[in-house]
Amino acid sequence: MIVLEHVQKHFGAFQALFDINLSVRAGEKIVLCGPSGSGKSTLIRCINYLEQSEGRIIVGNVELSAGSKAVNAVRSDIGMVFQQFNLFPHLTVLQNCTLAPRRTRRLSKADAEAKARELLARVKIFDQADKYPAQLSGGQQQRVAIARALCLEPKVMLFDEPTSALDPEMVKEVLDTMVSLAEDGMTMICVTHEMGFARRIADRVIFMAQGRIVEEGPPAEFFGNPKHERTRKFLGEILPSSGTPIVPPTTPLK
Amino acid sequence: MNYKIDFTPVIEGFPSLLMGCLGTLGLALGGMVLAVIVGIGGVMLRDSRSRPLRWGVIGFVELIRNTPFLVQIYFIFFALPLAGVRLDPTPTAIIALGINGGAYAIEIIRGGVQSIGKGQVEAGLALGLRKGQVFRLIVLKPALRAIFPSLASQFILLTLTTSIAAAISAYELTSVAQRIESDTFKSFEVYGTITLLYLAMSWLLMNAFNLIRSRYLSYPVR
């Protein structure tokens, strides 16, 4: 589904990613974690070409770095959710969701709106479709952002610290949405520090530090028996001493 | 001092002064429409990937903002015929106003575009929209909203600048006033009257701009 081979990324003289190799199967859920500045966000931003990198990135059967047509096609197959939501403030919730499908998929207004309402209901934004983003809470905005990405029927969803900008009481509603998405079989790559979420849905947890993949493995192994000193130190810092996740497993939607 | 104040010529000439106002508003509206087109187009070129285009826009803005409008309008009026283009004074004035106002609009609108967070652009690109679509559908409206007061006051200035078009005898209020004044020598009355007429037009436009802003450019923000 997604293959990264020898991906490197430089910002000027600074090297943010070193020789990243990763392949993600359809339906797989990956959680990327690591200290800040370790390159996790940069990595997922390379996957939809928001950052241009060296090496090979293949999404579906299209290799990126080809013409911009291919990039746009690949991008609309990849949903992305940002830390700061990035909803469009001048458009209503509904318009936020229908903009891209109408422009890139040439859906009619009615079809795009029907689809958007269905997905808004799915993220439990039932009656806010005609409100503007600024009228919603952070958690609601992030759920709209998830619905907006889903409107393009993506094959993969990328989450870039989706709960980091939220007030604590809103984290759960966003995680619930992500869990239900995972349970429906979506391929997901999530940059997050929500280790409870990782434990619950991840097929693989990948730990990065200083632009390199240090360790990866299934959550039970990753949390129960981390191999590298760097990983143990990181987990020691973000988990309570017992090693159990801070955020308890969440209840599914629907 | 035996100047006798006499408003009779102004009263008699009032219908033509009002027609002059319409001429002024016509020039102003034409100039504004052109300035918006030049402004938005210029911003797109200014931030394009092509270096010659970027420098072309920068040079254009510098040239226009650092030379007098009177000289610009004369230049266009006398240079266009040399290039084989014959235009009446009124269209010439609209072109000159559009070019002049456009140069200022480029800088103003560009400030608005730069105030829009990178995240908005990235969100648009991540949804598979092309760069042009991102600019048009996502960036433009919030950018215009951010700089609308500056743009509005620039356009009021543009409206007042139309009086310079009298120099090439375009049809507008100042040229009508000049004609009445030279026929009757009642300069105080004539220019006093059109001062108030310009004031009224500016006020009218300011209200129109406020209406446009609340109708088309407002949405809730935190």
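Naming: A, B, ... by sequence-line order, numbering from 1 per chain. The shown structure was predicted, so the numbers you read here are calculated from the model rather than taken from an experiment.
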*Could you go step by step and tell me if B:L125 and A:V71 meet the side chain to side chain contact (heavy atoms under 4.5 Å, CB included) rule?*
CA-CA 10 Å; B:L125 292 176; A:V71 169; over 6 Å; no
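The side-chain hydrogen bond (donor to acceptor under 3.5 Å, both in side chains) search around A:Q15 returns A:Q8, not counting sequence neighbours.
Among A:L50, A:I78, A:L91, the residue making the largest number of heavy-atom pairs under 4.5 Å with chain B is A:L50. With chain A as the partner, the residue from B:V221, B:L137, B:V121 showing the most heavy-atom pairs under 4.5 Å is B:L137.
Looking at A:L158, there are no atoms closer than 4.5 Å to chain B (heavy atoms on both sides), in backbone or side chain. For chain B, no part of A:I47 is nearby; none of its heavy atoms comes within less than 4.5 Å. If you measure heavy-atom distances from A:P133 to chain B, the contacts under 4.5 Å come from the backbone alone.
Heavy atoms from other residues, nucleotides or ligands lying under 6.0 Å from CZ of B:F78 number more than 12. More than 12 heavy atoms of other residues, nucleotides or ligands sit less than 6.0 Å from atom CE of A:M170.
The minimum heavy-atom distance linking A:A134 with B:P220 is given by the pair CB-O, 3.4 Å. Closest approach of A:L152 and B:L127 over heavy atoms only: CD1-O, 3.3 Å. Minimum interatomic distance between B:A123 and A:F82 (heavy atoms only, all atoms of both residues): CA-CE1, 3.6 Å.
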When you scan chain A against chain B, which donor-acceptor pairs turn up at less than 3.5 Å?
residue, atom, partner, partner atom, Å
A:R45, NH1, B:E122, OE1, 2.9
A:R45, NH1, B:E122, OE2, 3.3
A:R45, NH2, B:E122, OE2, 2.6
A:N86, ND2, B:G119, O, 3.1
A:L87, O, B:Q120, NE2, 2.8
A:H90, NE2, B:L137, O, 2.9
A:L136, O, B:R222, NH2, 2.4

